[in-house]
Amino acid sequence: YSLLPDGDSLFAGTAGGVSVFNGTGWSALTNGMPSASEMRSTLILVKNGSAMFAGTYSGIYKTTNHGADWTPLNSGLANTNIRDLIFSGSDLLAGTYGSGVFRSTNDGASWTAVNTGLMDLIVLSLFSSAGSLYAGTMGGLYRSTDSGMTWAAANTGLTDKRIIAFAQSGSNLFAGSDQGICLSTNAGQSWRNAGEGCPFRWFYSLYVLGNVLYAGTDGGVWKRPLSEFTAVNDNAGSSVPENCTLGQNYPNPFNPVTVIPFTMNTYGFASLKIFDLTGKEIAVPVLGKLQPGPHEAKWDASKFPGGVYICRLGTGGAVQTRKLVLMK
């Protein structure tokens, strides 16, 4: 679930707890954590000086001796299902699955809930940037400018509100969800779709390296030059018009023929393409101009192996995707 380099070692948060790679092999570091491996599941690792913190299904743990021993730090936490940890200055913030955000001003020794204005308490991700905090929840994105004391919704233009990843380059703030990726150039006041060119819509991790944005998806790692994002004219409050609607194929799972329904809201050019999980285009059931209204396309996958495929509908600048499951 998470990786953290420290000197010559690499720490990994896994479903069974924390492990470390020292150049030749992996060793488990679970002393002081619960005995049940599922309770040790570590979704996030962060470091501050010589201290390392692990966010797990059973709370927050701290080590000061390179993971040899862990100490629980759950005083004041109303929920120990930890989904994210970040440092904002000297404050440590924790996002929980169901009880919102908690803040510690003493390196985790005690915690206080900071949820005023936070309308959804299932927190999937946290991010700190230029004096602002961002919380991605199941029901929307929220921003705080006072260290988490109060929150306000920041969802204008978001294509999906379940934000699970963030990245930043200068004034460009990227937010990834399981339905796409959006870009804000005004500190989250408004967003626009930024997922063009990637057939996958599940953006689980984002990272800026040099002049490139990398995205970890359920179809591998994808990249795009930052210059392609900044070249687009951003108008606060504007959004890409939804010229089409892609429905779920039926049956799904299927073998070997499935029907893909979609609707054109305006007359225009449409492309309906099928990709495998490597991103390779393998079929184009629809390509051309269509009248407004409902349409259906059939895909015969008898020549392809069983597995998950991605259907992408593009028209007029709008792109939508669906998963297709071929069972053989």
**Prompt:** Counting N and O atoms only, with roles assigned by atom type, does the side chain of W151 sit under 3.5 Å from a partner on the main chain of V114, one being a donor and the other an acceptor?
**Reply:** yes
**Prompt:** Would you call the rings of W299 and Y309 parallel, tilted or perpendicular, where under 30° means parallel and over 60° means perpendicular?
**Reply:** perpendicular
**Prompt:** Is V46 reachable from L43 through a run of hydrophobic residues whose side-chain heavy atoms are each under 4.5 Å from the next?
**Reply:** no
**Item:** Side chain K47, main chain G49, donor-acceptor under 3.5 Å
**Value:** yes
**Asked** Can you name the nearest heavy-atom pair linking L85 to A94, along with the distance?
**Response** CD2-CB, 3.6 Å
**Message:** Is there a continuous path of hydrophobic side-chain contacts, each under 4.5 Å between heavy atoms, that joins L313 to I274?
**Reply:** yes
**Item:** P34 versus Y61, closest heavy-atom pair with distance
**Value:** CD-OH, 3.3 Å
**Prompt:** Do T258 and N249 get their side chains close enough for a donor-acceptor pair, meaning under 3.5 Å?
**Reply:** yes
**Request:** Any chance you could measure I60, atom CD1, to T42, atom OG1, to the nearest 0.5 Å?
**Result:** 11.5 Å
**Complete:** Interatomic distance, CH2@W70 vs CG@L29, rounded to 0.5 Å, equals 7.0 Å
**Prompt:** Testing S128, S129, S184 for side chain to side chain donor-acceptor pair (under 3.5 Å) with Q168, which one passes?
**Reply:** S129
**Prompt:** Can you find a heavy atom in the side chain of R103 that is under 4.5 Å from one in the side chain of M149?
**Reply:** yes
**Message:** I need the K273 NZ to L287 CG distance, nearest 0.5 Å.
**Reply:** 6.5 Å
**Prompt:** side chain to side chain contact (heavy atoms under 4.5 Å, CB included) between L272 and L246: does it pass, once the steps are laid out?
**Reply:** CA-CA 9 Å; L272 184 69; L246 177 62; 4.1 Å; yes
**Message:** Is there a side-chain contact between L121 and N79 in this structure, where contact means two heavy atoms from C-beta onward sitting under 4.5 Å apart?
**Reply:** no
**Message:** More than 12 heavy atoms of other residues, nucleotides or ligands under 6.0 Å from OH of Y207: yes or no?
**Reply:** no
**Prompt:** What is the minimum heavy-atom distance between S110 and S104, and which atoms define it?
**Reply:** O-OG, 3.0 Å
**Request:** For Y134 and A187, indicate whether the former's side chain and the latter's backbone hold a donor-acceptor pair under 3.5 Å.
**Result:** yes
**Request:** Report the distance from atom CG of D120 to atom OG1 of T137, rounding to the nearest 0.5 Å.
**Result:** 4.0 Å
**Message:** Please determine whether side chain to side chain contact (heavy atoms under 4.5 Å, CB included) holds for the pair T96 and N81, giving the CA-CA distance in whole Å, both sets of side-chain angles, and the decisive distance to 0.1 Å.
**Reply:** CA-CA 6 Å; T96 70; N81 190 335; 5.8 Å; no
**Beyond-backbone contact of L73 with D107, side-chain heavy atoms, under 4.5 angstrom** = no
**Asked** With a 4.5 Å heavy-atom cut-off, do S227 and N211 have their side chains touching?
**Response** no
**Side-chain (Q320) to main-chain (G247) donor-acceptor, under 3.5 angstrom** = no
**Message:** Check whether T63 reaches the backbone of D69 with its side chain - one donor and one acceptor, N or O, closer than 3.5 Å.
**Reply:** yes
**Item:** V101 vs N115 side-chain heavy atoms within contact, under 4.5 Å
**Value:** yes
**Request:** Please say whether more than 12 non-hydrogen atoms of neighbouring residues, nucleotides or ligands are located less than 6.0 Å from NZ in K223.
**Result:** no
**Prompt:** In terms of hydrophobic clustering (I, L, V, M, F, W, Y; side-chain heavy atoms under 4.5 Å; direct or indirect links), are I44 and Y57 co-clustered?
**Reply:** no
**Modelled atom types, side-chain donor and acceptor of D146 and S144, under 3.5 Å** = yes
**Main-chain N/O of S35 paired to R40 side chain as donor or acceptor, under 3.5 Å** = yes
**Message:** On a heavy-atom basis, which atom in F174 and which in L183 lie closest, and how many Å separate them?
**Reply:** CE2-CD1, 3.7 Å
**Asked** Rounded to the nearest 0.5 Å, how far apart are CZ of F127 and CD1 of I163?
**Response** 12.5 Å
**Item:** Nearest atoms (heavy-atom pairs only) where I181 meets F203
**Value:** CG2-CZ, 3.7 Å
**Request:** Using modelled atom types only, decide if a donor and an acceptor are shared between the side chain of N255 and the backbone of K328 within a distance under 3.5 Å.
**Result:** no
**Request:** Look at the side-chain heavy atoms of Ile, Leu, Val, Met, Phe, Trp and Tyr, link any pair under 4.5 Å apart, and say whether V20 and L45 land in one connected group.
**Result:** yes
**Asked** Would you call D84 and L124 a side-chain contact if the rule is heavy atoms closer than 4.5 Å?
**Response** no
**Request:** Check the side chains of N22 and T24 for a donor-acceptor pair under 3.5 angstrom, ignoring hydrogens and angles.
**Result:** yes
**Inter-residue atom distance T71.OG1 - M33.CE, 0.5 Å rounding** = 10.0 Å
**Prompt:** What orientation do W26 and F21 show, parallel under 30°, tilted 30 to 60°, or perpendicular over 60°?
**Reply:** tilted
**Prompt:** Do D276 and F304 touch side chain to side chain, with heavy atoms closer than 4.5 Å?
**Reply:** no
**Request:** Determine, step by step, whether S88 and L93 satisfy the side chain to side chain contact (heavy atoms under 4.5 Å, CB included) criterion, reporting the C-alpha distance in whole Å, the side-chain angles of both residues, the deciding distance to 0.1 Å, and the verdict.
**Result:** CA-CA 7 Å; S88 178; L93 292 107; 3.8 Å; yes
**Item:** ILVMFWY network linking L126 to L206, side-chain heavy atoms under 4.5 angstrom
**Value:** no
**Prompt:** Going through the checks in order, is the side chain to side chain contact (heavy atoms under 4.5 Å, CB included) test met by Y250 and E296?
**Reply:** CA-CA 11 Å; Y250 63 90; E296 288 186 340; 2.6 Å; yes
**Request:** Examine distances only and state if a side-chain atom of T14 and a backbone atom of V18 form a donor-acceptor pair shorter than 3.5 Å.
**Result:** no
**Prompt:** Is a donor on one side and an acceptor on the other found under 3.5 Å between the side chain of W191 and the backbone of A154?
**Reply:** yes
**Asked** Can you find a pair of side-chain heavy atoms, one from I82 and one from L77, that are under 4.5 Å apart?
**Response** yes
**Asked** Do you know which two heavy atoms are closest between M119 and Y142, and how far apart they sit?
**Response** CB-OH, 3.1 Å
**Request:** On the 0 to 90° scale, with breaks at 30° and 60°, tag the F53-F87 ring pair as parallel, tilted or perpendicular.
**Result:** perpendicular
**Prompt:** Sub-3.5 Å donor-acceptor pair from the side chain of S58 to the main-chain atoms of M39, do we have one?
**Reply:** yes
